[in-house]
Amino acid sequence: MSVLPLVFTSGWASGINAYAVVLLLGIFGATGLTDEVPASLQRTDVLIVAAVLFACEAVADKIPYVDTAWDAAHTVIRPLAGAVVGALLAGQSGSLSDIAAGAVGGTTALASHFVKAGTRMAINTSPEPFSNIVMSTAEDLGVAGVITFAMFNPQAAAVIAAVLLAVGLAILFFLWTRIRRFLRRRAQRREEKRLAAEVRTHTTAPPG
């Protein structure tokens with residue numbers, strides 16, 4: 001199971017930024033830095049698409065509320081990417097079954113995705129926008145650093161990813177009250193907009 005640490009680490013990173021993981025792994029494989037990356041991730045078209053989507057995420061991830069909408073849209077994409085990358089890595093090395101690797105990568109990606117999405121909800125309750133930029137930059141640098149480190153020392157990188165995931169889950173637990181408050185306010189704003197639209201409709205409607 002020599003590939004398992006890399007599968008776990010890539011799963012954790014995919015839950016934060018799946019496009020960055022695909023892009024980095026593809027570049028590392030194409031440049032010959034590692035033999036663990038399958039050829040399908042090194043293809044030029046895959047790298048181009050991953051780079052474009054990474055650029056889109058880099059922008060959306062730094063805008064309050066847009067980042068939350070982006071996270072919601074990626075609730076399925078990130079775990080799926082983690083599962084696919086994990087299965088491909090296992091198939092490349094042959095040291096772990098594709099199904100087991102996909103389950104590990106997908107589950108880990110889902111957990112880290114929830115940490116990211118929940119943390120962003122809490123951050124969006126803050127009136128200033130700079131925390132989103134700082135958090136997004138830290139996430140991107142963290143993913144890049146851990147994935148790069150995993151190429152040279154996958155076991156240590158997996159330990160770091162596990163610690164970061166555990167810390168993130170603990171922080172998310174403590175932030176849950178703030179997140180619920182944010183969700184209640186958002187639901188209240190939607191209801192207010194709906195009521196205002198109904199009032200305008202009744203006001204502008206011709207008398208029967």
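These numbers come from the heavy atoms of this one structure, side chains and all, not from hydrogens, waters or symmetry mates. Throughout, residue positions are numbered sequentially from 1 according to the sequence presented.
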- Item | Full working for side-chain contact (heavy atoms from CB on, under 4.5 Å) between Asp67 and Met135 | CA-CA 11 Å; Asp67 58 352; Met135 191 65 180; over 6 Å; no
Side-chain contact test, heavy atoms from C-beta onward, threshold under 4.5 Å: evaluate it for [X] versus [Y] and give yes or no.
X	Y	answer
Thr75	His113	yes
Asn132	Ile63	no
Ser40	Leu88	yes
Ile27	Gln42	no
Leu169	Phe114	no

If you take all heavy atoms of [X] and [Y], which pair is closest and at what distance?
X	Y	result
Thr148	Ala144	OG1-O, 2.6 Å
Gly86	Ala101	O-CB, 3.2 Å
Val22	Ala50	CG1-CB, 4.0 Å
Ser10	Val85	OG-CG1, 3.9 Å
Pro79	Val76	CD-O, 3.4 Å
Ala162	Phe8	N-CE2, 3.6 Å

Transitively linked via ILVMFWY side-chain contacts under 4.5 Å: [X] with [Y]?
X	Y	value
Val21	Val146	yes
Val167	Leu141	no
Val59	Val143	no
Leu33	Leu89	yes
Val46	Leu80	yes

Pairs in or reaching into [range]: which pass salt bridge (Lys or Arg N to Asp or Glu O under 4.0 Å), with residues at least two apart or in two chains?
range	value
residues 137-146	Lys62-Asp140, Lys116-Glu139, Arg120-Glu139
residues 144-158	none
residues 13-31	none
residues 73-87	Glu57-Arg78, Asp71-Arg78

Taken in chain and number order and not counting sequence neighbours, the residues that satisfy ring-ring contact (aromatic ring centres under 6.0 Å, His included) with Tyr19 are His74
From [X] atom [atom1] to [Y] atom [atom2], the distance as rounded to the nearest 0.5 Å:
X	Y	atom1	atom2	result
Thr119	Ile16	OG1	CD1	9.5 Å
Leu24	Leu41	CG	CG	11.5 Å
Asn17	Phe54	CG	CZ	5.5 Å

Any donor and acceptor pair, going by atom type alone, linking the side chain of [X] with main-chain N or O of [Y] inside 3.5 Å?
X	Y	result
Ser136	Ile133	no
Ser112	Ala109	yes
Thr108	Gly11	no
Glu36	Val3	no

Would you find more than 12 non-hydrogen atoms of other residues, nucleotides or ligands less than 6.0 Å from Ile99 atom CD1?
no
Would Phe152 and Thr34 count as a side-chain contact (heavy atoms from CB on, under 4.5 Å) if you check the C-alpha gap in whole Å, the side-chain angles of each, and the deciding distance to 0.1 Å? CA-CA 9 Å; Phe152 303 97; Thr34 177; over 6 Å; no
Sorted by chain and residue number, the side-chain hydrogen bond (donor to acceptor under 3.5 Å, both in side chains) partners of Asp35 (sequence neighbours excluded) come out as none
